[in-house]
S.K.: 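Just dropping this structure here.
Since we're looking at a predicted model, the values are computed, not measured.
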Amino acid sequence: MSDNTWENLVRKQLKTDDIYSVLKKENLEGIEVKPFYNSVEQPLANLPRIEESTHLVATYHESLVDDVYAFILDHNVENLEQKTIFVNNIDLAGHISPKEEDQYFSLIDVFDEQHALINDQLVKELLAKQFRRNICVDISLHQNAGAAIGQQLGIALAKTKELVEVYGAEILNKLIFRIAVGANYFFEMAKLRAFKIVFNQLSKEYGLDEIPYIFAETSLRNKAVSDKENNLIRSTLELASAMIGGADAVFSNNYLVDRSTENSEEISFKQQIVLAYESIINVFEDASNGSYYVEEITLQIAERSWAFFVEAEEAGGYLELLKKGIIQKKIYDHALKEQKWVEEGKIKLIGVNLYPKLEIKKSSEELYNEKEIKAVRWAEMFE
């Protein structure tokens, strides 16, 4: 179908000649989205990932040992053989001495955001261990605090640059990036793909050709205490975005939000099982490659992320901007815009501001602090 034929058909259906103003869809990311795509200006090569297939990660429980390949550990567990382990506790990391054949990763953020510094002692301790990936750069907090996608990835690059300046470029292949995947299905897919592009671009500045190891987890930002079953739908879409976007590992946060039970942890994990074994989307290297829409927004996100990174570097780098409160303010400003959309119903949360519509109990000013990066769920305004 030609463009004109398509446009004429839509004009007839919408009963207006001004179809593009009707079809235009706003977003807070500053990304231009067209009503339809029939080509892409700059086709992308296949964007690889490090793992052959996406690891499905569960919170450790002894009942899952026989069936689950990858665990997050918050406490020490003996005799976990032939498992992939993601260590999530500083004290635990100090007591683990993996063998060369063990698959251990650190999910402990080496940045102290509150004091705007790198925990040098922790970095050195982790680098001395036989982990496949020793150093975690965590930007999940930034997503859950309301940062824009371009801000999230720009911050990831800026934090990476801080590490390279202290420990050298050889640290690049020791990094693991912990990223929260939000509600915007295609944008989040493109976010992971864009990060591969900009991280590779940064590595080339040091004469390397690295791709990032991405540990993606479901967001807390769009989850609600009321009508919890809807959280399962939201997180299933987020997991799908992460797998299609090429994450190396995925993890489902507990869908109950305010509490955790053995049953809820099992259900949360089994979302991954359904996607992997029913849809088989965790085995493709770059499943969305060739989608004109995803390709186009991938490039736009990459450009915005790189621009944020360059701006941060020119202003003194991530830690310097953190000390001055500039990073906190940028995230705060975007988070307030998002929360306003939730308040106005432009961002819809079923069971919160739609079917049924709950009353607002807290203002945005009560939820957010321009001097602090903290996780805030949209639904907290109504709870």
Side-chain angles (χ1 to χ4, degrees), residues 46-72 82-86 103 105 107 140 143 178-193 195-196 213-224 227-257 260-295 297-298 348-351:
N46 215 39
L47 298 173
R49 63 179 172 205
I50 291 170
E51 297 291 353
E52 187 175 340
S53 61
T54 304
H55 284 328
L56 311 181
V57 185
T59 303
Y60 174 79
H61 192 277
E62 60 184 356
S63 66
L64 298 175
V65 171
D66 293 336
D67 302 316
V68 177
Y69 177 73
F71 287 113
I72 284 185
Q82 296 182 323
K83 302 292 182 185
T84 295
I85 304 298
F86 295 89
Q103 302 286 306
F105 298 80
L107 287 180
S140 63
Q143 193 277 339
R178 187 172 190 168
I179 298 176
V181 178
N184 197 328
Y185 186 66
F186 292 107
F187 276 37
E188 294 294 329
M189 200 182 294
K191 178 172 82 174
L192 300 192
R193 300 179 78 247
F195 186 56
K196 295 183 182 193
Y213 191 107
I214 297 176
F215 179 97
E217 63 183 55
T218 57
S219 174
L220 298 173
R221 188 135 175 86
N222 62 336
K223 306 304 184 295
D227 208 3
K228 299 177 181 66
E229 287 72 19
N230 279 315
N231 292 336
L232 284 170
I233 299 170
R234 294 170 187 133
S235 55
T236 298
L237 290 170
E238 291 161 6
L239 290 167
S241 286
M243 290 183 189
I244 294 170
D248 295 287
V250 292
F251 175 69
S252 323
N253 280 300
N254 198 300
Y255 78 96
L256 290 182
V257 179
S260 177
T261 66
E262 188 175 322
N263 187 51
S264 68
E265 288 182 3
E266 183 180 357
I267 290 173
S268 296
F269 172 68
K270 284 184 174 177
Q271 293 176 272
Q272 302 174 35
I273 296 292
V274 171
L275 287 169
Y277 295 104
E278 297 291 337
S279 304
I280 325 176
I281 57 174
N282 66 319
V283 298
F284 297 102
E285 191 171 69
D286 189 7
S288 58
N289 183 276
S291 163
Y292 298 144
Y293 172 44
V294 176
E295 296 277 275
I297 58 177
T298 295
K348 294 176 174 59
L349 286 175
I350 293 175

S.K.: Salt bridge (Lys or Arg N to Asp or Glu O under 4.0 Å) for Lys270 and Glu266? Distances and angles first, verdict last.
M.R.: CA-CA 6 Å; Lys270 284 184 174 177; Glu266 183 180 357; 2.6 Å; yes

S.K.: Output, in order, the C-alpha distance, side-chain angles, deciding distance and verdict of side chain to side chain contact (heavy atoms under 4.5 Å, CB included) for Ile244 and Tyr185.
M.R.: CA-CA 10 Å; Ile244 294 170; Tyr185 186 66; 3.4 Å; yes

S.K.: Do Met243 and Met189 have side chains that get closer than 4.5 Å, going by heavy atoms?
M.R.: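 No, every pair of side-chain atoms sits at 4.5 Å or beyond.
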
S.K.: So Thr236 and Leu275, do their side chains get closer than 4.5 Å, heavy atoms only?
M.R.: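 The answer is yes; the side chains approach within 4.5 Å.
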
S.K.: How close do Phe251 and Asn253 get, counting heavy atoms only, and between which atoms?
M.R.: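 Looks like CE2-OD1, 3.5 Å.
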
S.K.: Within this structure, what is the CD-CD1 distance for the pair Glu278 and Ile273, rounded to the nearest 0.5 Å?
M.R.: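 Going from the CD atom of Glu278 to the CD1 atom of Ile273 covers 10.5 Å.
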
S.K.: State the CD-NZ distance between Gln143 and Lys191, to the nearest 0.5 angstrom.
M.R.: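 Reported to 0.5 Å precision, the distance equals 5.0 Å.
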
S.K.: Quick one: pull up CD in Glu188 and CG in Leu239 and give me the separation to the nearest 0.5 Å.
M.R.: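 Rounded to the nearest 0.5 Å, the CD-CG separation comes to 12.0 Å.
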
S.K.: May I have the step-by-step check of side chain to side chain donor-acceptor pair (under 3.5 Å) for Thr54 and Arg49, ending in yes or no?
M.R.: CA-CA 9 Å; Thr54 304; Arg49 63 179 172 205; 2.7 Å; yes

S.K.: Any side-chain heavy atom of Val294 sitting closer than 4.5 Å to one from Arg193?
M.R.: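 Yes, side chains in contact.
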
S.K.: So, for Ser219 and Arg221, which heavy atoms are closest and what is the spacing to 0.1 Å?
M.R.: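 Shortest heavy-atom contact: OG-N, 2.9 Å.
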
S.K.: Please walk me through it: do Thr218 and Gln271 pass side chain to side chain contact (heavy atoms under 4.5 Å, CB included)?
M.R.: CA-CA 11 Å; Thr218 57; Gln271 293 176 272; 5.9 Å; no

S.K.: Do the non-hydrogen side-chain atoms of Ile179 and Phe215 ever get within less than 4.5 Å of each other?
M.R.: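 With C-beta onward as the side chain, the pair stays apart.
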
S.K.: What I'd like to find out is whether the side chain of Val181 reaches to under 4.5 Å of the side chain of Glu217, using heavy atoms alone.
M.R.: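 No, too far: nothing below the 4.5 Å cut-off.
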
S.K.: What are the two closest heavy atoms between Ala249 and Phe86, and how far apart are they?
M.R.: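 Answer, listing the atom of Ala249 first, then Phe86: CB-CZ, 3.8 Å.
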
S.K.: Rounded to the nearest 0.5 Å, what separates atom CG in Asn222 from atom OG in Ser235?
M.R.: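 Taking CG in Asn222 and OG in Ser235, the distance rounds to 8.5 Å.
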
S.K.: Verify the distance criterion only: is there a donor paired with an acceptor across the side chains of Asn254 and Glu265 at less than 3.5 Å?
M.R.: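 No donor-acceptor contact under 3.5 Å links the two side chains.
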
S.K.: Do you know the tightest heavy-atom contact between Ser252 and Phe269?
M.R.: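 Result for this residue pair: OG-CA, 4.3 Å.
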
S.K.: Between Asp248 (side chain only) and Ile214 (backbone N and O only), is there a donor and an acceptor less than 3.5 Å apart?
M.R.: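 Yes; judged by distance alone, with no hydrogens or angles, the pair exists.
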
S.K.: Surrounding CD of Glu262 (heavy atoms of other residues, nucleotides or ligands, distance under 6.0 Å), is the total greater than 12?
M.R.: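 Open: at most 12 neighbouring heavy atoms sit under 6.0 Å from CD of Glu262.
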
S.K.: So, Lys223 and Glu238, do they make that salt bridge, N to O below 4.0 Å?
M.R.: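 So Lys223 pairs with Glu238 through a salt bridge.
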
S.K.: Minimum heavy-atom separation for Val257 and Ala224, please, with both atom names.
M.R.: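 Closest approach of Val257 to Ala224, heavy atoms only: CG2-O, 4.0 Å.
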
S.K.: Can you tell if the side chain of Asn46 reaches within under 4.5 Å of the side chain of Phe284, non-hydrogen atoms only?
M.R.: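 No, every pair of side-chain atoms sits at 4.5 Å or beyond.
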
S.K.: Check Asp227 against Asn230 and note the closest heavy-atom contact, atom names and distance.
M.R.: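 Shortest heavy-atom contact: OD2-ND2, 2.6 Å.
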
S.K.: Is the shortest side-chain heavy-atom distance between Val68 and Phe71 below 4.5 Å?
M.R.: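 The answer is yes; the side chains approach within 4.5 Å.
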
S.K.: Rounded to the nearest 0.5 Å, what's the gap from CG on Asn263 to CG on Leu256? Could you check?
M.R.: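 The CG atom of Asn263 sits 8.5 Å away from the CG atom of Leu256.
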
S.K.: Taking the side chain as every heavy atom from C-beta outward, state whether Phe186 and Tyr293 have any atom pair closer than 4.5 Å.
M.R.: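 Answer yes - side chains close enough.
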
S.K.: Applying side chain to side chain contact (heavy atoms under 4.5 Å, CB included), run through Phe105 and Thr84 and close with a yes or a no.
M.R.: CA-CA 8 Å; Phe105 298 80; Thr84 295; 3.6 Å; yes

S.K.: Is a side-chain N or O of His55 found less than 3.5 angstrom from the main chain of Val57, in a donor-acceptor match?
M.R.: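 No; zero donor-acceptor contacts below 3.5 Å.
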
S.K.: Side chains of Ser288 and Ser291: do they bring a donor and an acceptor to under 3.5 Å?
M.R.: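 Checked: Ser288/Ser291 side chains show no N/O donor-acceptor pair below 3.5 Å.
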
S.K.: Rounded to the nearest 0.5 Å, what separates atom CG in Leu56 from atom CG in Asp67?
M.R.: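 So the CG of Leu56 and the CG of Asp67 are separated by 12.0 Å.
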
